[in-house]
Amino acid sequence: MKHAALLALLSLPCLAEELRFEPVLGNTELEKGAMWLFVVEDSEGRLVASCERGQRLHVGVLDLSGRAPRVEWKGVAGAKEGGGDAVADHWHVFAHGRHWLSYSTPGARRSHLIALDDRLECVSSWVVADDEKAGRGGILTNDHFLVAEPDGVAVGHFFPGQGHRVFRISKDGTPRGEVDIGSGEFRHANGSSANPIAGGFALWASATLAPNQSGWVRWIEFDADWSPRTVQATIEKKGANLSMPSAVKLASGTWVVHLREIDGAAGGPPPKPGPGGAQPRDMGDIVRYLVGADGKVGTREVIADVECARPHTLLVGDRLITTWDGDGGAWIRVDRVK
């Protein structure tokens with residue numbers, strides 16, 4: 001991982017407001033963060049992190065007060081915690097007084113949702129999807145998203161060839177139905193994320209996760225019932241795969257979007273497996289884009305390069321907290337937005 005001083009900053013058409021990001025904590029590996037690192041803020045103002053290690057889900061309060069960030073991790077889901085299912089990937093939000101964590105299992109055919117109280121103890125758990133069928137490929141639970149709804153939460157699982165099947169769950173865990181989203185001009189892939197907005201949701205969608213395929217990131221708006229309204233913006237770069245977007249909205253209406261960017265994605269057949277049948281790595285740069293409320297794409301900045309993936313973004317006051325996987329560990333960065 002190269003130092004921030006060596007990271008590139010490329011200027012595209014500027015937004016009306018000139019934003020600056022002042023580093024508070026440079027790119028720092030979080031001890032025992034492993035992978036799929038999230039940070040969320042709860043109702044007490046605590047920053048709570050979650051990650052995966054050894055196919056288990058761990059959580060803990062993040063302490064940024066010292067010279068290095070620290071978390072006292074504890075396991076909350078996995079085969080050791082009951083249910084017999086290992087953890088393959090997850091998502092984490094705070095809503096309705098609870099920490100909600102959804103996770104997929106190896107094989108991508110089953111998923112769970114758990115709720116944690118303010119002591120970070122699991123108080124409820126549910127199965128969300130279990131070998132769901134739809135079309136030729138079925139519903140795949142990996143690289144999913146989780147988002148808060150006014151009366152609960154929603155888990156979006158990949159519906160190949162269309163977009164997502166959204167599983168809506170009430171605050172008490174009662175299923176509230178499923179909605180299939182995508183198709184036509186709204187077609188997209190997994191590796192997407194969703195944000196609550198006034199009257200609905202903003203989906204920051206990937207075109208494809210395939211590292212050898214060029215692909216955009218698109219801002220699609222949905223109403224409160226997950227009916228699509230408009231495509232608001234598209235971020236693209238010739239010959240590159242842009243995917244795994246995570247975004248926060250500033251008070252001005254500008255979005256700060258972090259994504260994984262892989263150059264040299266010109267299309268063609270999937271890359272051949274490496275030695276011993278292992279799949280080639282699909283890591284790239286973590287890049288920050290600014291997108292105005294009017295949909296215009298502004299500045300582009302590389303914040304971490306080469307072997308990175310799975311960025312996640314949190315805004316706490318004027319602090320922008322970004323996390324990602326890279327170089328065999330999990331990384332965190334804090335910038336002050338000015």
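Below, all heavy atoms of this structure are taken into account, side chains as well, without hydrogens, waters or symmetry copies.
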Subject >> Connected via hydrophobic side-chain network under 4.5 Å: Val61 and Trp73 >> reply: no

Original post:
Between Arg336 and Asp318, does at least one N-O distance fall below 4.0 Å, as a salt bridge requires?
Top reply: yes

**OP:** Assess the side chains of Ser227 and Asp225: does a donor N or O sit below 3.5 Å from an acceptor N or O?
**Re:** no

Original post:
Where is the tightest heavy-atom contact between Leu101 and Ser50, given as atom of each residue plus distance?
Top reply: CD2-CB, 3.7 Å

**OP:** Side-chain contact test, heavy atoms from C-beta onward, threshold under 4.5 Å: evaluate it for Arg319 versus Leu47 and give yes or no.
**Re:** yes

**OP:** Considering only NZ, NE, NH1 and NH2 on the basic side and carboxylate oxygens on the acidic side, decide whether Arg310 and Asp143 come within less than 4.0 Å.
**Re:** no

Original post:
Does the side chain of Ser111 pick up a donor-acceptor pair with the side chain of His144 at under 3.5 Å?
Top reply: no

Subject >> Asp285 side-chain N/O to Val287 backbone N/O, donor-acceptor pair under 3.5 Å >> reply: no

**OP:** Indicate yes or no for a side-chain donor-acceptor contact from Glu52 to the backbone of His90 under 3.5 Å, with no hydrogens or angles considered.
**Re:** yes

**OP:** Taking the six-membered ring of Trp216 (Phe, Tyr or Trp), confirm whether the NZ or CZ of Arg218 is under 6.0 Å from its centre and within 45° of its axis.
**Re:** yes

Subject >> Interatomic distance, Ser214 atom OG to Leu242 atom CG [nearest 0.5 angstrom] >> reply: 9.0 Å

Subject >> Check: Ser246 side chain, Thr313 main-chain N or O, donor-acceptor pair, under 3.5 Å >> reply: yes

Original post:
Would Asp151 and Ser170 count as a side-chain contact (heavy atoms from CB on, under 4.5 Å) if you check the C-alpha gap in whole Å, the side-chain angles of each, and the deciding distance to 0.1 Å?
Top reply: CA-CA 6 Å; Asp151 299 315; Ser170 69; 5.9 Å; no

Original post:
When you measure from the side chain of Thr105 to the backbone N and O of Arg110, does any donor-acceptor pair fall under 3.5 Å?
Top reply: yes

Original post:
With the 4.5 Å side-chain cut-off for hydrophobic clustering, are Phe94 and Val316 part of the same group?
Top reply: no

Donor-acceptor pairs under 3.5 angstrom involving side-chain atoms of residues 31-40: please list them, not counting sequence neighbours.
none

**OP:** Verify, without hydrogens or angle tests, whether Arg46 (side chain) and Asp118 (backbone) share a donor-acceptor contact under 3.5 angstrom.
**Re:** yes

Original post:
Is there a donor-acceptor pair under 3.5 Å between the side chain of His96 and the backbone N or O of Glu149?
Top reply: yes

Original post:
Is the shortest heavy-atom distance from the side chain of His99 to the side chain of Val59 under 4.5 Å?
Top reply: no

Subject >> Test applied, side chain to side chain contact (heavy atoms under 4.5 Å, CB included); reference residue, Leu315; option that passes from Val337, Val256, Ile321 >> reply: Val337

**OP:** Establish, from distance only, whether the side-chain atoms of Ser192 and His164 form a donor-acceptor pair under 3.5 Å.
**Re:** no

**OP:** Report yes if the side chains of Pro311 and Met244 come closer than 4.5 Å at any heavy-atom pair, otherwise no.
**Re:** yes

Original post:
Quick one: do Lys74 and Glu81 make a salt bridge, cutoff under 4.0 Å?
Top reply: no

Subject >> Test side-chain hydrogen bond (donor to acceptor under 3.5 Å, both in side chains) applied to Asn241 and Glu261, Gln213, Arg260, the passing residue >> reply: Arg260

Subject >> Any side-chain heavy-atom pair of Asp335 and Ile303 under 4.5 Å >> reply: no

Original post:
Below 4.5 Å, heavy atoms only, C-beta onward: do Ile181 and Phe186 meet side chain to side chain?
Top reply: no

Original post:
Hey, what do you get for NE2 (His312) to OG (Ser193), rounding to the nearest 0.5 Å?
Top reply: 8.0 Å

Original post:
Counting only N and O atoms by type, is there a donor-acceptor contact under 3.5 Å from the side chain of Trp324 to the main-chain atoms of Ile286?
Top reply: no

Original post:
Minimum heavy-atom separation for Thr208 to Gly215, with atom names?
Top reply: CG2-CA, 4.3 Å

**OP:** Of all the heavy-atom pairs spanning Ala108 and Asn142, show the shortest one and how long it is.
**Re:** CB-OD1, 3.4 Å

**OP:** Taking all non-hydrogen atoms of both residues into account, name the closest pair between Phe201 and Pro196 and its distance.
**Re:** CD2-CA, 4.1 Å

**OP:** Mind checking the CG-CD spacing from Leu203 to Glu221? Nearest 0.5 Å is all I need.
**Re:** 10.5 Å

Subject >> Given Val257, Leu259, Leu320, Thr299, the one that forms side chain to side chain contact (heavy atoms under 4.5 Å, CB included) with Arg288 >> reply: Leu320

Original post:
What heavy-atom pair brings Glu29 and Gly329 nearest, and what distance separates the two atoms?
Top reply: OE2-CA, 3.4 Å

Original post:
Quick one: CD1 on Ile220 to CZ on Arg229, what's the gap to the nearest 0.5 Å?
Top reply: 12.5 Å

**OP:** Examine Val24 and Ile332 and state if one hydrophobic cluster contains both, with Ile, Leu, Val, Met, Phe, Trp and Tyr joined whenever side-chain heavy atoms are less than 4.5 Å apart.
**Re:** yes

Original post:
What is the distance from atom CG of Asp282 to atom CD of Glu307, rounded to the nearest 0.5 Å?
Top reply: 9.5 Å

Subject >> Within one Ile-Leu-Val-Met-Phe-Trp-Tyr cluster: Val291 and Val217, side-chain cutoff 4.5 Å >> reply: yes

**OP:** Decide yes or no for Asn195 and Lys249: does some side-chain heavy atom of the first lie under 4.5 Å from some side-chain heavy atom of the second?
**Re:** no

Subject >> Main-chain N/O of Leu209 paired with Ser243 side-chain donor or acceptor, under 3.5 Å >> reply: no

Original post:
Which heavy atom of Arg109 sits nearest a heavy atom of Glu132, and at what distance?
Top reply: NH1-O, 4.1 Å

**OP:** Carefully, step by step, assess Leu19 and Lys338 under the rule side-chain contact (heavy atoms from CB on, under 4.5 Å).
**Re:** CA-CA 6 Å; Leu19 290 176; Lys338 293 195 169 187; over 6 Å; no

Original post:
Do Tyr103 and Ile114 pass the side-chain contact (heavy atoms from CB on, under 4.5 Å) test, and can you show the C-alpha distance, the side-chain angles, and the key distance before you say yes or no?
Top reply: CA-CA 9 Å; Tyr103 63 94; Ile114 64 173; 4.2 Å; yes

Subject >> Non-hydrogen side-chain atoms of Phe167 and Pro175 separated by less than 4.5 Å >> reply: no

Subject >> Exceeds 12 heavy-atom contacts within 6.0 angstrom, atom CZ of Arg168 >> reply: yes

**OP:** Apply side-chain contact (heavy atoms from CB on, under 4.5 Å) to the pair Val166 and Val147, showing each step before the final yes or no.
**Re:** CA-CA 10 Å; Val166 179; Val147 64; over 6 Å; no

Original post:
Should Val76 and Val123 be regarded as members of a common hydrophobic cluster, given that ILVMFWY residues are connected when their side-chain heavy atoms come within less than 4.5 Å of each other, either directly or indirectly?
Top reply: no

Subject >> Nearest-0.5 Å distance that lies between atom CD1 in Ile262 and atom CE in Met283 >> reply: 9.0 Å

Original post:
Is it the case that more than 12 heavy atoms not belonging to Arg187 sit under 6.0 Å from its CZ atom?
Top reply: no

Original post:
Do His157 and Val128 touch side chain to side chain, with heavy atoms closer than 4.5 Å?
Top reply: yes

Subject >> Flag, side chain of Ser206 to backbone of Gly191, donor-acceptor distance under 3.5 Å >> reply: yes

